Amino acid sequence: MKREITLALGGGGAKGNAHIGVLRRLEREGFIVRAVAGTSFGGIVAALYAAGLTPDEIEARFCMVDQSKLYGRMPGENPALLGLAGARKFLEEVLGGRTFADLKMPCALTAVDVDGAQEVILREGTVVDAVLATIALPGIFPPHSLGGRRLVDGGVLDPVPVTAARMLMPHLPVIAVTLTERVEEPVHMKLPLPLPPYIPAPLVTRLAHSRFAQAFDIFLRSVDISTRLMTELRLKVDRPDVIIHPAVSGIGLLDQADVPRVARLGERAVDEVMPKLLRVTGWPNRLRLRLRRGVA
């Protein structure tokens, strides 16, 4: 029996390396991913996976990235604390000029139109453009101009794109991978400003304790609280068939993460919900799912 599923990969910055482990474990257990939707870092992983890269290949690519070179600015960029020049270069090297039509499976990335105040589901055009839109964390990275709209991180309105995933394959169960801490967990934030290694440690300490840093920390904590509540609300409303929740609390948005270690957290999270995964992909439940959603 084929255990076919659709994935919804949530955002979370460096925590998103856990998605690699989720994919690897699902594959090893015989699950077949037929479609994938992603937001923010989950959008990066979704795009690479849909382009045909294996979980091991994605991990190898991420391990080779020099994060200190990712956030340079380009002329004419929209206002932001950091740029995405290095990220664009990385994406173009891996994905080239692929469009969504070139991908190996249906894929959707989500973003938010900051002027139109609405969610945008990206399924057409060049994949690199869509990824740059879905990872444009407001204020941190510049909005990405696409189709006459200024787009930012899809997690602003939908931290885990269950609806987009279900739209791709309505007859298959949707497995949601959320990286957001639960509402009841304490808030641990780190100022997401990666500094060059040549800056002396005492200066780094002074910058971290500046009034700006302290004010920005309060801002980020407030956003984190809102994101947790938004995630909880959307998951209750959108009702994925299974929720996978890797234990990635304590990892900062732009941390230089130990990619293999974080990926292993994703693998463990899959093991924790394996009975549910087997149940929802079994034939009786698959048949009920088809009937409930009116799919022949």
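Everything quoted here is computed from the prediction, not taken from an experiment. Note: hydrogens, waters and symmetry copies are ignored here, and every other heavy atom, side chains too, is used.
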Minimum side-chain heavy-atom gap [X]-[Y] below 4.5 Å:
X: I32; Y: I5; value: no
X: V33; Y: M105; value: yes
X: S249; Y: I251; value: no
X: V45; Y: L48; value: no
X: L235; Y: P240; value: yes
X: V160; Y: R234; value: no
X: R34; Y: P106; value: no
X: L122; Y: L151; value: yes

Nearest 0.5 Å please: distance from the [atom1] atom of [X] over to the [atom2] atom of [Y].
X: S40; Y: D158; atom1: OG; atom2: CG; result: 12.0 Å
X: I44; Y: L91; atom1: CD1; atom2: CG; result: 6.0 Å
X: M274; Y: L26; atom1: CE; atom2: CG; result: 7.0 Å
X: K236; Y: R239; atom1: NZ; atom2: CZ; result: 12.5 Å
X: I244; Y: L7; atom1: CD1; atom2: CG; result: 7.0 Å
X: E59; Y: R264; atom1: CD; atom2: CZ; result: 8.5 Å

**Request:** Apply side chain to side chain contact (heavy atoms under 4.5 Å, CB included) to K276 and list each qualifying residue two or more places apart in sequence or on a separate chain.
**Result:** V242, R279

**side chain to side chain contact (heavy atoms under 4.5 Å, CB included) involving T39 - partner list, sequence neighbours excluded** =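 Listed in chain order: T110, T134, D153, P161.
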
Quick check: closest heavy atoms across [X] and [Y], and the distance to 0.1 Å?
X: G266; Y: V22; answer: O-CG2, 3.6 Å
X: A136; Y: P142; answer: CB-O, 3.4 Å
X: L179; Y: G10; answer: CD1-O, 3.7 Å
X: V259; Y: C63; answer: CB-SG, 3.8 Å
X: L265; Y: P246; answer: O-CB, 4.0 Å
X: H144; Y: A133; answer: CB-CA, 3.8 Å

Taking only residues two or more places apart in sequence or in another chain, which ones pass ring pair (Phe, Tyr, Trp, His ring centres under 6.0 Å) with [X]?
X: Y49; value: none
X: F141; value: Y71
X: F62; value: F41

**Prompt:** With L95, which of L53, T126, V128 fulfils side-chain contact (heavy atoms from CB on, under 4.5 Å)?
**Reply:**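 The residue from L53, T126, V128 that satisfies side-chain contact (heavy atoms from CB on, under 4.5 Å) with L95 turns out to be V128.
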
Hydrophobic cluster membership, with links at side-chain heavy-atom distances under 4.5 Å among I/L/V/M/F/W/Y: are [X] and [Y] in one?
X: V131; Y: I140; answer: yes
X: L82; Y: F90; answer: yes
X: V177; Y: L278; answer: yes
X: I121; Y: V152; answer: no
X: I135; Y: V65; answer: yes

**Request:** Give the intermediate values and the outcome of side chain to side chain contact (heavy atoms under 4.5 Å, CB included) for residues L109 and F100.
**Result:** CA-CA 10 Å; L109 307 185; F100 280 87; 4.2 Å; yes

**Message:** By the side-chain hydrogen bond (donor to acceptor under 3.5 Å, both in side chains) test, which pairs, at least two apart or in different chains, include something from residues 113-124?
**Reply:**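 Non-adjacent pairs meeting side-chain hydrogen bond (donor to acceptor under 3.5 Å, both in side chains): D115-R150.
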
**Asked** R25 and D271: side chain to side chain contact (heavy atoms under 4.5 Å, CB included), yes or no, with the steps?
**Response** CA-CA 8 Å; R25 190 65 177 153; D271 290 338; 2.6 Å; yes

Would you say the side-chain atoms of [X] pair up with the backbone N or O of [Y], donor to acceptor, closer than 3.5 Å?
X: R28; Y: L23; result: no
X: R149; Y: V120; result: no
X: H19; Y: G38; result: no
X: R88; Y: L132; result: no

**Asked** Do R3 and E29 sit within salt-bridge range, that is, some charged N less than 4.0 Å from a carboxylate O?
**Response**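 Here R3 does not pair with E29 in a salt bridge, since their nearest N and O are not under 4.0 Å apart.
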
**Asked** Is the shortest side-chain N to carboxylate O distance from E232 to R228 below 4.0 Å?
**Response**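 R228 and E232: not salt-bridged.
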
**Audit row: L84, L70, side chain to side chain contact (heavy atoms under 4.5 Å, CB included) steps and yes/no** = CA-CA 6 Å; L84 286 172; L70 284 178; over 6 Å; no

